[in-house]
Amino acid sequence: MENRNSSCCKLGTIISVVALLVSSAAYFCPKKASESCSSSTFDEKVKGIMVDAIKKNPQLLMDAMGEGIAKKREDTIKQLSTDVAEKSADISKLSMKFGKMDSKTSVICFFDPLCKHCIEFQKSMITLVKAKKDVCFKMMPVAVLGEDSVTLAKVYVAAYDKSPEKALTFIEKITSNDNEMDKAAIEKALTAAGLDNKEIEGMLADSDKKLAENGKIAESLRVPVVPAIFLAKGSDISMIQTTETDALLAAIEGKPASK
């Protein structure tokens, strides 16, 4: 209730300033602008009124800008969620799927394997998959952090094409120590997951093509950041902003996140 009243007050203040400008215009130029004052004079008077108002209450400008930015951000997220829904068939076809395949709830994630927050999300995903939660994770690897990202993302795709179960183990191993994700660490994680390094290496050309398709979808959606995470329940898709396990589970189950 307090937030609502605060918002109303801000809106009221902004409306008051607009009303002041309108009334000022009527006062300074009641007839034709050419008859009572020049356009430049009028502009200067209006600017003066605005500057005086902001000087008296500088927070007014900050609040107006903040609300404008928040509204723009909200509209962008809403449009992005709509666009993801339209691309859902392509995403479902290309994504690496883990968890309960027939679940009516899915979490779509565009991620870079080397991104710190993406690593946190992957760990949460593995925890929830192992706990057999009623959700299907649709993982879309993209490479935005350079050649090392490209290499690792291609290995992800190849490992999944070879064996989704072993790919999940590989992801668990490679993310367990995110400070070491070089070639030696990748080979070690593949071996630990029961995957043959040479065989995976021979699959990387095809993986590169699939990774490029993921990139095209991410580009067409204008995905702003990674991880970009979307919760889909039936045809209802919304963007969520958490990589933490409990908060992610709360969003999936439609429960308030614990503080």
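Reckoned from all heavy atoms, side chains included, excluding hydrogens, waters and symmetry mates. Along the sequence shown, residues carry numbers from 1. These numbers come from a predicted model, not from an experiment.
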Identify, with sequence neighbours excluded, every residue that meets side-chain contact (heavy atoms from CB on, under 4.5 Å) alongside [X].
{"X": "Glu165", "answer": "Ser163"}
{"X": "Lys93", "answer": "none"}
{"X": "Lys183", "answer": "Glu187"}
{"X": "Asp182", "answer": "Ala184, Ala185"}

Side chain to side chain contact (heavy atoms under 4.5 Å, CB included) between Met101 and Cys136, intermediate numbers included: CA-CA 6 Å; Met101 297 298 120; Cys136 178; 4.3 Å; yes
Decide yes or no for [X] and [Y]: does some side-chain heavy atom of the first lie under 4.5 Å from some side-chain heavy atom of the second?
{"X": "Asp148", "Y": "Leu114", "answer": "yes"}
{"X": "Lys166", "Y": "Tyr160", "answer": "no"}
{"X": "Val107", "Y": "Phe230", "answer": "no"}

Donor on one side chain, acceptor on other, Glu201 and Asn197, under 3.5 Å: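 No, Asn197 and Glu201 have no side-chain donor paired with an acceptor closer than 3.5 Å.
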Pairing residues for Lys188 by the salt bridge (charged side-chain N to carboxylate O under 4.0 Å, His left out) criterion, not counting sequence neighbours: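 Salt bridge (charged side-chain N to carboxylate O under 4.0 Å, His left out) check on Lys188 returns nothing, list empty.
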Side chain to side chain contact (heavy atoms under 4.5 Å, CB included) between Ile108 and Ile229, worked out: CA-CA 6 Å; Ile108 299 165; Ile229 309 164; over 6 Å; no
How close do [X] and [Y] get, heavy atom to heavy atom, and via which atoms?
{"X": "Lys210", "Y": "Val157", "result": "CD-CG1, 3.9 Å"}
{"X": "Ile119", "Y": "Pro113", "result": "CG1-O, 3.4 Å"}
{"X": "Pro224", "Y": "Leu80", "result": "CD-CD2, 3.7 Å"}
{"X": "Cys115", "Y": "Val226", "result": "SG-O, 3.7 Å"}

Within residues 218-232 or reaching into it, pairs that qualify as side-chain hydrogen bond (donor to acceptor under 3.5 Å, both in side chains) - sequence neighbours excluded: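 Listed by first then second residue: nothing to list.
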Residue pairs involving residues 103-112 (criterion side-chain hydrogen bond (donor to acceptor under 3.5 Å, both in side chains); sequence neighbours excluded):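 Output for this query lists Ser103-Asp134, Asp112-Ser149.
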Derivation and outcome, side chain to side chain contact (heavy atoms under 4.5 Å, CB included), residues Phe111 and Met140: CA-CA 6 Å; Phe111 73 104; Met140 293 285 287; 5.5 Å; no
Pairs meeting criterion ring-ring contact (aromatic ring centres under 6.0 Å, His included) with involvement of residues 165-214, two or more places apart: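 Found Tyr156-Phe170.
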Measuring from atom [atom1] of [X] to atom [atom2] of [Y], what distance do you get when rounded to the nearest 0.5 angstrom?
{"X": "Ile126", "Y": "Phe121", "atom1": "CD1", "atom2": "CZ", "value": "10.5 Å"}
{"X": "Lys100", "Y": "Leu128", "atom1": "NZ", "atom2": "CG", "value": "14.0 Å"}
{"X": "Leu168", "Y": "Glu172", "atom1": "CG", "atom2": "CD", "value": "7.0 Å"}
{"X": "Ser95", "Y": "Asp90", "atom1": "OG", "atom2": "CG", "value": "10.5 Å"}
{"X": "Ile200", "Y": "Lys162", "atom1": "CD1", "atom2": "NZ", "value": "7.5 Å"}

Whether the side chain of [X] engages the backbone of [Y] through a donor-acceptor N/O pair (distance < 3.5 Å, no angle test) should be reported.
{"X": "Gln122", "Y": "Cys118", "result": "yes"}
{"X": "Asn214", "Y": "Pro141", "result": "yes"}
{"X": "Ser92", "Y": "Ser88", "result": "no"}

Other residues, nucleotides, ligands: >12 heavy atoms within 6.0 Å of Lys123 NZ: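 Yes, the 6.0 Å shell around NZ holds more than 12 heavy atoms from other groups.
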CD (Glu244) with more than 12 external heavy atoms under 6.0 Å: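 Atom CD in Glu244 is crowded, with more than 12 foreign heavy atoms closer than 6.0 Å.
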Enumerate donor-acceptor pairs with a distance under 3.5 Å from any side-chain N or O in residues 202-209 to protein atoms, sequence neighbours excluded.
from	atom 1	to	atom 2	distance (Å)
Ser207	OG	Lys154	O	3.3
Ser207	OG	Ala158	N	3.3
Ser207	OG	Met203	O	3.1

Full working for side chain to side chain contact (heavy atoms under 4.5 Å, CB included) between Leu248 and Ile240: CA-CA 8 Å; Leu248 183 59; Ile240 57 177; 3.7 Å; yes
Side chain to side chain donor-acceptor pair (under 3.5 Å) involving Thr243 - partner list, sequence neighbours excluded: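 Residues passing side chain to side chain donor-acceptor pair (under 3.5 Å) with Thr243: Glu120.
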Applying the 4.5 Å side-chain criterion to the ILVMFWY set and letting contacts propagate, would [X] and [Y] be lumped into a single cluster?
{"X": "Met96", "Y": "Val150", "value": "no"}
{"X": "Met181", "Y": "Leu211", "value": "no"}
{"X": "Phe137", "Y": "Ile91", "value": "yes"}

Using distance only, find each side-chain donor-acceptor pair of residues 232-239 under 3.5 Å and give its atom names and separation, not counting sequence neighbours.
from	atom 1	to	atom 2	distance (Å)
Lys233	NZ	Ile252	O	2.8

Remaining members of hydrophobic cluster (4.5 Å side-chain criterion), Val225: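 Result for Val225 is none, singleton.
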